[in-house]
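Notes follow the structure.
Numbered from 1 within each chain, the chains take letters A, B, ... in sequence-line order.
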Amino acid sequence: MDFVLVILASGVATGTVLLYATVGEIFSERSGVLNLGVEGMMLVGAMTAYKVTAATSDPWLGLLAAMLAAGAVSQVHAFIAITLQADQVVSGLALNFLATGLSLVLGEGLTSLRDVVPTLPSFTISLLSQIPWLGRILFTKQSVMVYVGYIFIPLAWYYINRTRPGMHLRSVGEYPAAADSLGISVFSLRYFYVFVGGMMAGLAGATISLSISPGWFAALTTAGQGWIAVGLVIFAQWNPARAAVGAYTFGALRRLVLDIQGPTTLLGFANPFFYNPYYGFFLKMLPYAFTVVVLVIGSREANRKRIGTPAALGLPYIRGQRGL
Amino acid sequence: MTQADSTKPIMGFKLPFKMKVEPRVVDPPRWYSPMLSVIAVVVALMIGALVIWLGGGEPWKVYAHIARSSFGSVGVLSDTMVKAIPLMLVGLACSFAFRMRLWNIGAEGQFFLGAFGASMIVLLPVLPEEAPKWQFIIVMALSGMLFGALWGFVPGFLKAKFNVNEIISTLMMNYIAVEWNNFFIYAVWTEGGFQMSRMFQRNAWLPRLSDFAEAIPVFRGLTTHMGLLFAIVAAIILWLVLSKSQWGYEIRLIGDNPRAAEYAGISISKNVILVMLVSGALAGLAGMSEIAGVVHRLQGAISPGYGYTGIIIAWLAKLNPLAVILVSILFGALILAGREVQPSGVPTLIQGVIMVSLIAIDFFLRNRIRITRRVEE
């Protein structure tokens with residue numbers, strides 16, 4: 001049982017990274033802008049966080065810098081997709097190359113700084129950690145970023161669904177022409193939410209390099225998590241609460257894949273992954289294969305219920321033109 | 001595009017002329033698009049220089065080094081071609097799928113599976129060790145294409161059947177492909193515990209120019225291999241299919257206007273699967289030609305991201321199969337020379353900047369800017 005609790009606890013920590021990236025992308029897509037550059041922006045965030053923290057010994061400053069840097073990078077996509085009205089898929093891919101290259105160039109030599117750079121604090125919330133099971137999983141020796149995530153989920157949900165700015169955000173993504181006629185600035189709101197998405201991706205990257213698995217390992221730092229986040233948005237049907245479910249499940253799966261090779265017995269049987277570590281390669285496929293499965297589930301459900309996708313997602317808004 | 005109208009004073013200044021952006025009604029002349037692409041690449045190189053300089057490097061030296069070590073002599077030119085061959089094939093794979101606006105980002109994984117399929121023929125072995133070279137070439141190429149196509153089929157099927165976003169599914173297949181190959185490299189075909197298979201016997205190698213050095217002495221030491229022929233033939237076939245055949249017309253119609261295609265009775269889901277199969281097969285052939293022509297064994301590090309570079313190549317070539325060949329040579333140079341450039345992320349960065357400026361400059365293809373003198377009010 002202890003083994004399961006440990007995996008779930010570290011799964012929540014790992015899933016926090018996906019949570020931030022996914023919810024950030026939800027903000028961007030809800031405003032109508034598909035940004036495929038999440039992976040690259042996360043790398044920029046992880047690199048900036050690590051580099052700034054290495055220089056200043058202040059992880060909080062690193063975190064802030066990561067958010068600003070990734071937000072700034074996201075504006076390249078915003079400009080091309082919103083102002084120049086280019087194809088958002090291609091632009092997002094381009095941003096990905098750009099951001100990845102940028103982080104590799106500026107991150108040169110950071111790998112050797114491992115264990116020198118301070119990380120974000122972890123702590124136990126004494127009262128809540130007394131709750132049976134859940135206390136051990138959610139509130140014991142977790143990173144501060146994990147706790148921030150717990151607060152962030154309901155806030156994001158409330159903001160999008162129950163506040164006036166949230167309604168503006170949705171209207172811009174669903175029917176920009178109508179929003180425009182009501183005096184809501186489609187262009188500046190879209191710029192703003194792409195920036196928010198970028199900052200969240202930067203936060204996700206910083207959470208990796210300063211807390212969950214500290215260090216800078218070039219492109220392996222994120223290892224495709226940005227793409228998984230883009231997939232989770234579809235599964236989440238653009239809803240932060242569902243995104244949280246998906247993110248934590250994936251986090252647990254990622255940890256399970258790593259930790260299941262440890263014990264000698266599993267459920268009373270000899271552990272095949274311990275005695276033949278090569279099977280581990282198939283385990284490592286699981287998070288990616290599971291993403292595809294989740295996409296199938298999400299797409300089928302969306303088809304059946306006819307809900308989810310913001311109607312103007314991926315379409316540039318051109319004033320005075322008919323249609324969305 | 002009223003927001004680009006500069007009749008309003010900007011920060012208190014009034015420009016002495018009016019600048020107005022309006023959509024093009026008439027197509028621009030034919031030379032216009034290539035010219036914009038060249039400008040985009042030049043701008044990209046300038047931005048790249050700036051970043052290298054900011055990162056503490058010397059941009060001029062880096063670029064001079066890239067040019068010298070990729071086009072400086074016949075020998076390095078041949079090495080450039082060796083790097084360009086897989087790029088040509090994955091570039092073709094991407095441009096074919098992109099023409100239908102089908103975003104196959106999975107050429108990297110299809111490349112890996114192509115390499116696996118080709119290696120399998122030698123390592124299982126499917127063919128006896130002493131089989132003649134032509135048999136090896138044909139069977140390895142077919143097997144590589146088959147496995148690449150299989151890897152392309154999965155996302156294609158999911159897209160056609162369940163409307164699963166192919167961008168993410170093809171990308172996930174890339175990560176799965178790496179682990180798939182790793183299992184065989186580490187566990188099944190490992191040579192003495194090293195993370196690579198044994199070296200293939202010589203009759204499973206693609207012929208290289210240097211093999212003909214006895215007859216043509218100039219070819220001595222040149223490593224350009226038969227994959228170049230594969231790529232050129234594939235490019236010509238793709239060009240014919242896309243521009244001359246009915247199937248090509250269907251693909252282009254779906255890409256330009258899927259609704260019209262549907263009204264015309266063209267099955268989109270059938271074409272999604274077919275195009276993914278062909279695209280995957282081409283990327284698989286790239287993997288096969290790299291394994292049989294260059295590496296001569298199955299190992300982990302067989303691609304410096306060829307599959308991803310193929311995306312940019314397809315875009316720079318405007319999805320034209322014949323242009324893919326030329327553009328690939330430029331990127332082959334970048335990858336060849338980029339191996340020694342410090343910091344090591346520079347080639348990726350330059351590729352990214354090129355792609356960004358390419359898309360940005362397309363704006364001028366779709367719109368034109370009219371500058372008129374301001375009439376004093």
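Side-chain contact check for Tyr308(B) versus Phe97(A): some heavy-atom pair is nearer than 4.5 Å. You'll find the side chain of Lys284(A) stays beyond 4.5 Å of the side chain of Val178(B), heavy atoms only. For the pair Ile168(B)/Thr291(A), a side-chain contact is recorded, criterion being any heavy-atom separation below 4.5 Å from C-beta on.
Surrounding OH of Tyr279(A) are at most 12 heavy atoms belonging to other residues, nucleotides or ligands under 6.0 Å away.
Contacts between Leu358(B) and chain A at a heavy-atom distance below 4.5 Å are absent for every atom of the residue. In this structure, no portion of Asp362(B) lies under 4.5 Å from any heavy atom of chain A. Only the side chain of Ile234(A) comes within contact range of chain B, with heavy atoms under 4.5 Å apart. Interface residue Val89(A): only side-chain heavy atoms are found under 4.5 Å from chain B. With a 4.5 Å cut-off on non-hydrogen atoms, Phe79(A) does not touch chain B at all. With a 4.5 angstrom heavy-atom cutoff, Ile350(B) does not touch chain A via any of its atoms. Heavy atoms closer than 4.5 Å to chain B are found in the side chain of Ile80(A), but not in its backbone. The contact between Ala223(A) and chain B is made entirely by backbone atoms, counting heavy-atom distances below 4.5 Å. Using a 4.5 Å cut-off between heavy atoms, Val230(A) touches chain B through backbone and side chain atoms alike.
Under the ring-ring contact (aromatic ring centres under 6.0 Å, His included) test applied with Phe281(A), the options Trp180(B), Tyr186(B), Phe184(B) reduce to a single match, Tyr186(B).
Contact count against chain A (heavy-atom pairs under 4.5 Å) is highest for Leu171(B) among Leu158(B), Ile167(B), Asn163(B), Leu171(B). Interface summary for chain B: among Ala219(A), Gly224(A), Ala218(A), Gly298(A), the most heavy-atom pairs under 4.5 angstrom belong to Gly224(A). Heavy-atom pairs under 4.5 Å with chain B were tallied for Val90(A), Leu93(A), Leu295(A), Leu36(A); the largest tally goes to Val90(A). For the set Trp315(B), Tyr175(B), Phe98(B), the count of heavy-atom pairs under 4.5 angstrom toward chain A peaks at Tyr175(B).
When atom types are taken as modelled, the side chain of Arg366(B) and the backbone of Leu84(A) share a donor-acceptor pair closer than 3.5 angstrom.
In this structure, NZ in Lys161(B) is found 13.5 Å from OG in Ser299(A), a value given to the nearest 0.5 Å. Expressed to the nearest 0.5 Å, how far CD1 of Ile359(B) lies from NE2 of His77(A) amounts to 9.5 Å. Rounded to the nearest 0.5 Å, atoms CE (Met172(B)) and CE (Met285(A)) are 14.0 Å apart.
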- prompt: Step by step, would you call Glu179(B) with Phe282(A) a side-chain contact (heavy atoms from CB on, under 4.5 Å)?
  reply: CA-CA 7 Å; Glu179(B) 303 299 343; Phe282(A) 292 102; over 6 Å; no

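Residues Leu349(B) and Leu98(A) share a closest heavy-atom pair of CD1-O, 3.7 Å.
Separation of the Phe183(B) and Tyr278(A) ring centroids does not fall under the 6.0 Å cut-off.
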